Amino acid sequence: MSLLLRVAVASAAHDIVPAWPLDSFIAVNPLAGSESLPFEAAQSLGPLTRQRTAYVTDRKRGRILLADLEAAVRLRIPELTGTVTIGDTTLPTARLAALELEHDQSHDTATGPRAPTLSRLDEITSRWVAAYLTPDSLWSMPHRERGLYPAWRTLIRHDSSLARAERHRLLGLPEDPDAGLAWALEQLGVEADDVQRVLARELHQLPGWASHIKWRAEKVGDIDLTSFLAVRFGTRHALQTPPSLDPTPREQSPAAELQRRAELLAGHLVGENVTPADTSAVSRVLAAHPIRDHLFTWQLAYELNYRGRLLSSLSTEHAPAERPEIQVVMCIDPRSEGARRHLETASTIETFGFAGFFGVPIRFVRHSGKGAINSLPALLTPRHTVTEAPHDRATATRRVTAARQRDAVHAALHAGESGTATSFAFAETAGWFYGLTSVLRTFAPGLLARIRERRLADSAIESSVTVADAFTLEERAVLAEASLRMMGMARFGQLVVLVGHGSDSRNNLYQSALDCGACGGNPGAANARAAAVIFNDADVRELLQARGISIPNETVFVAAEHNTVTDAITLLDTHSLPASHRALADDFIRQQIPAADRLVRERARDLPGASPRHSATRLRRRAHDWAEVYPELGLAGNAAMIIGPRELTRGVDLSRRVFLHSYLPELDPDGTGLETILTAPVVVAQWINHQYYFSSINPDLHGAGTKTVHNAIGTIGVITGQGGDLRRGLPWQSVGVGTALLHEPLRLAVIVQAPLDTIGQIISRNQVLRDLFDNEWITITARGRTTDPWMQYTRYGWHTAPLPPAEGAHQ
Amino acid sequence: MNNLTKMTRIEIVVSAREAPAIRDLITSAGATGYTAVSGVSGIGHHGQHSGALLFNEYDTLTMLITVLPPDKAGDLIDAVRAMLHSSSGVMFVADTYVSRPEYFR
């Protein structure tokens, strides 16, 4: 087997982005493989914008202004700076190009591949891969332990879905997957020069499986893309369906098209008296803005409108409030924005934003749990295992034993209800019990939840997390210092609440997508608990003191968790709170309850099927309703990330659309903290933003489709209906309702208050940032001080950021 | 030379995202091992690269070093060169000498 075939497979898979399994759902940019290229160059991988009609509708309702279109044209075509005279009217050339966007309706379609149609080949390949990868299947695939290709090679000769002649063609299959792929390519007559292109096209035929297998090859190792392709091409040979190559892209519009555009626009501006000179002048301008660029200009205008309004809403004041009694640190997740805004109506509370793993990357093992979870950003490899130590070991052992027995009973019942021979008998004998439970779940989900919560509360036992075993004292001090400098915490109240977040819903395969992205798609409680232990550690504080950070003795950190469906915040490990701080903790909870009620009602404005007039209890019942496909909206609407002091945004309603990372340049003189923010939280936010963006723009190819027809492949992922490709991205219920989008697909606008030189240096020494900002996958706008104008970063330097026009200006 | 055996040393610097594919090539070429250094810094064709980042190992550079007998090195060199057509990175190849050749065969 030639290594060059392995190279061809790896190169063909360059654009395939690894897809995490459902139980640790990580949002990714499905086009991340193209981030080293300009955003617009990724068009060959699918539409990158909405259709023109969507932008025109936004233009008519004032969501996009003519000034936005003009600003977008100027940014995209810097040479369009002068004026042009058409008839008796002189107007800026950029406005002329903007006016064309409104009037030329000849190009409505965002082009590029959409979801491929499933063929018989796809159905067969998907069935074999699903059979191989399904965990805990009732009937395990024979020879599975030998790997996908050897197992398939042995079994395919018995596959009755293939005709005898088709099976006969596979008799010569070599034993080894590499040799198998080479053999199949040769049988199909694929030329050596075409191999990489043919393989790449094949991977994009089943992008869901290809993405998951790429992840699995790195993280699990029981399958790889070579085996997948060997099965795929072997089947292709059996079916006698040689691969085809993509056709050559069609030519761009000729000069005649430009003339047509110019005549159309000149006629619109001048009327019947249009002259050849007018048409010629218009033509010279429009030539700089070809039709293929139009949708990108619309998209940029759409984004500039939002960003301009956001920048205008930010405060120019920089006066921190008085020293608060309680400080609350919440995740940068946009959902925290609403919680922080409502909590801050209490004058005694100050809030901060920081990545929800609180700078403590851990692998966490619960005392009662099976296995461990990687509670850290996907950008990191787990190296520190934190365990949970119950205070009463004897009771804990008894309860774990009881829980295991309950698990065994559940497993036996599940086997009974799923078995071919036992399912009917099981339904006859135990169906009445399940029927009763189903009635309760359907008509009284709140009651069932209360019973469940009471049972959990009764069985809960006090425990602590064992941070000292996982991190050395020096490591703890380094993490604590980095966190405090990154979030700009320069003073400390008596109580600092570190609030992780998790989502609570039933019958929801995508629950992990609603948990904390910074914690690897897990709830953030474990990290908050570990961080609180570190910050309360006297030895850590002593080291911090030597590094110039003084945490007063009376300051106590406590962990908490924010339930993003009910908006309740629950304090954790309260047993570790000293008596002196219990009253303050109670005070926090008292203030949090009405804040949560207000937030739940606020969110009800956007939640399908909900109304602000509904009671908070009714709205919270969604967490327990097994028929509810919209328990919450997750991060729908996310559009920007603000890095700076809270004074910038305090009191501003950001509608839960903005990632908020606290930062004070004064605490980070060398910019190390800012570099960490830009290369980690910003990157994670960008992954999330692009996941929502492309799941909205191209839901068939990059989204998972509607939840209502999903079938789970264990915890790996879902398929739509009975077969086909593994679905990637977010389900439609995360981004839309009916046929309308809930999410506005906007590329992330990063807004920073920090010295421009520092930001520029950080970008210039980090390839990931150069790719994202220079290639316009996301934007960064910054100002050094509150009195400075906002400047937008471009690959050619900083330019004044466009802001919304003054009242009365052209709309 | 001092009872040493001549081998070929191959160093490859690629982004951490590309490292798994290169590791796969190294092991497929018959190398008995490799050394990986993550978070390497420097300046190259694509500009400056900062070193290790506190909370991001995914977007840094990784240097992979392997040593193998010269008769096995040719295929790996050809494969890595082809790989670098579709992704950024550099490869350095040099003669080297080892004291325990059986470790590398």
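Being a predicted model, the structure only gives us computed values, none of them experimental. Note that these values count all heavy atoms, side chains included, but never hydrogens, waters or copies made by symmetry. Below, chains carry the letters A, B, ... as their sequence lines are ordered, and counting in each starts from 1.
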* Which bit of A:Ile762 is near chain B, if near means a heavy-atom gap under 4.5 Å: side chain, backbone, both or neither? -> neither
* Among A:Val198, A:Asp193, A:Leu199, find the residue that satisfies the side-chain contact (heavy atoms from CB on, under 4.5 Å) test when tested with A:Val195. => A:Leu199
* For the candidates B:Asp78, B:Asp24, B:Ile22, which exhibits the highest count of non-hydrogen atom pairs separated by less than 4.5 Å from chain A? -> B:Asp24
* Asked: Which residue out of B:Ser28, B:Ser87, B:Ser41 racks up the most heavy-atom pairs below 4.5 Å with chain A?
  -> B:Ser28
* With chain B, which of A:Leu376, A:Leu380, A:Thr676 has the greatest number of heavy-atom pairs at distances under 4.5 Å? -> A:Leu380
* So A:His690 and A:Trp777, would you call those rings parallel, tilted or perpendicular, with 30° and 60° as cut-offs? -> perpendicular
* To do: Check whether A:Glu35 gets within reach of chain B through its side chain, its backbone, both or neither, counting any heavy atom under 4.5 Å.
  => side chain
* **Pair A:Arg547 + A:Glu474: basic N to acidic O under 4.0 Å** => yes
* For the residue pair A:Gly356 and A:Asn527, what are the closest heavy atoms and their distance? -> O-CB, 4.2 Å
* Asked: Under a 4.0 Å N-O cut-off, is there an ion pair linking A:Glu475 with A:Arg383?
  -> no
* Is it the backbone or the side chain of B:Leu53 that comes under 4.5 Å from a heavy atom of chain A, or both, or neither? -> side chain
